[in-house]
Chemist: 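Got a structure for you, written out below as structure tokens; questions coming shortly.
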Protein chains: 2
Amino acid sequence: MSEISTQELKKAGLKATLPRIKILEILEQSEMRHLSAEDVYKALLETSEDVGIATVYRVLTQFESAGLVFRHNFEGGHSVFELNEGHHHDHILCIKCGRVDEFLDETIEQRQKIIAREYGYAMTDHSLIIQGICPECQERAKGKE
Amino acid sequence: MSEISTQELKKAGLKATLPRIKILEILEQSEMRHLSAEDVYKALLETSEDVGIATVYRVLTQFESAGLVFRHNFEGGHSVFELNEGHHHDHILCIKCGRVDEFLDETIEQRQKIIAREYGYAMTDHSLIIQGICPECQERAKGKE
DNA sequence: CAGGTAAATGAGAATCTTTTGCATTTCGCT
DNA sequence: AGCGAAATGCAAAAGATTCTCATTTACCTG
């Protein structure tokens, strides 16, 4: 069953070691799309795999270099990782409950390219995060007042 | 000369203490618009003020709450602070040299509001950072190859 | 303008996240 | 099966930020 993951790792140019296979599977099987290193580590403990947190960080960083995952720097000084499934998107996140939604807006994508060009930059990446209060949390707040 | 800063602090609802006055002046007088807590601390040391790093963090956080400064979470796990001069803008930053430019694009601003509404979020904030290589660093790279 | 009080500060310890050093283990290949 | 390079685990380190608590300061009152 770890055959598929093994293939993916080899294809990405990484040795198929046990920690890497496990971590990749966790990323693929988690119902959360955005996992912190700590999240991955906890999930590993639950599978009773004996993997150190240092390895989790190392592997996630390698995955990022290999293009398997994206690393996002959300607020609060810690990174979250997300499987690269080919389609770029931006994030809209709730400041109350932490919920994360994804969106893609071609107009904004285009404008960014134009802006980078205007300033003479060779754009390599961009990150757009809209913060707000999600529908559920708005309801909840209304109930209280 | 610290009269003006004192006024600003009072107006923001903060006691006009020496550390706060000094830090506000540093933010106003620095030629860099984006300062990390460490930057502010170093600048304080140079004015031979005896202010601890803990106070720098406390004061900057208060300034943020009071709306005097913005806190941005750039890559690499540390925050930078920037005086709130009334006009919102986004950032474009060079991944080679760390240079930061600012821009404001109405089209993007509008689209963000629309997207937040589509997803049912009450937008409270947003941050857009374009990363790339600035003109100077592109030149430098060309020279080398 | 002295005096009291709550708020603010300094110093260092504590915390949190992430990285590093190094001895040991594992992978991939022969 | 066996070798060498690459990967791992552990613990220690590092960097950023927050907290604790005794001491000091700003501001209000008399």
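Proteins come first, then strands; the chains are lettered A, B, ... in the order of their sequence lines, and each starts at number 1.
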Chemist: Would you call Glu106(B)-Arg111(B) a salt bridge at under 4.0 Å N-O?
Modeler: no
Chemist: Which whole-number value in Å describes the distance from Ile21(A) CD1 to dG28(C) P?
Modeler: 8 Å
Chemist: Any side-chain N or O of Tyr57(A) less than 4.0 Å from the OP1 or OP2 oxygen of dT19(C)?
Modeler: no
Chemist: Please report the distance, rounded to the nearest Å, between NE2 in His78(B) and C1' in dT19(C).
Modeler: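 From His78(B) NE2 to dT19(C) C1': 16 Å.
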Chemist: Give the rounded distance in Å between these two atoms: CG of Asp39(B) and C1' of dT17(D).
Modeler: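 From Asp39(B) CG to dT17(D) C1': 15 Å.
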Chemist: Give a yes/no answer on whether the side chain of Lys10(B) brings an N or O atom under 4.0 Å of OP1 or OP2 in dC27(D).
Modeler: yes
Chemist: Which whole-number value in Å describes the distance from Glu49(A) CD to dA7(D) C1'?
Modeler: 15 Å
Chemist: Between dG28(C) atom C1' and Lys15(A) atom NZ, what is the distance in whole Å?
Modeler: 7 Å
Chemist: Calculate the interatomic distance between Phe81(A) atom CZ and dT17(C) atom P; express it in whole Å.
Modeler: 13 Å
Chemist: How long is the line joining NZ of Lys42(B) and C1' of dA16(D), in whole Å?
Modeler: 13 Å
Chemist: Using a strict threshold of under 4.0 Å (side-chain N to carboxylate O), is an ion pair present between Glu82(B) and Arg71(B)?
Modeler: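 Looking at Glu82(B) together with Arg71(B), the answer is no, because their closest N to O distance does not fall below 4.0 Å.
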Chemist: Using 4.0 Å as the upper bound for N to carboxylate O, is an ion pair formed by Glu136(B) and Arg99(B)?
Modeler: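 The answer is yes: the pair qualifies as a salt bridge.
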Chemist: Could you tell me if the ring centre of His126(B) sits under 6.0 Å from that of His88(B)?
Modeler: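 His126(B) vs His88(B): aromatic centres under 6.0 Å.
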Chemist: Under 3.5 Å, side-chain donor or acceptor atoms of residues 10-18 of chain B against the rest of the protein: list the pairs with distances, not counting sequence neighbours.
Modeler:
none

Chemist: Can you check whether Tyr119(B) reaches Phe103(A) side chain to side chain, under 4.5 Å on heavy atoms?
Modeler: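 When only atoms from C-beta onward are counted, Phe103(A) and Tyr119(B) do touch, with a gap below 4.5 Å.
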Chemist: Roughly how many Å is it from CG in Leu44(A) to P in dC10(D), rounded to a whole number?
Modeler: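 For the pair Leu44(A) CG and dC10(D) P, the rounded distance is 12 Å.
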Chemist: Can you give one letter per nucleotide of nucleotides 9-15 of chain C, going 5' to 3': B for a protein heavy atom under 4.0 Å from the base, S for sugar-phosphate only, - for none?
Modeler: BBBB---
Chemist: Between Arg33(B) and Glu85(B), does any side-chain N to carboxylate O distance fall below 4.0 Å?
Modeler: yes
Chemist: Output yes when at least one side-chain N/O atom of Ser79(B) is less than 4.0 Å from OP1 or OP2 of dT17(D), else no.
Modeler: yes
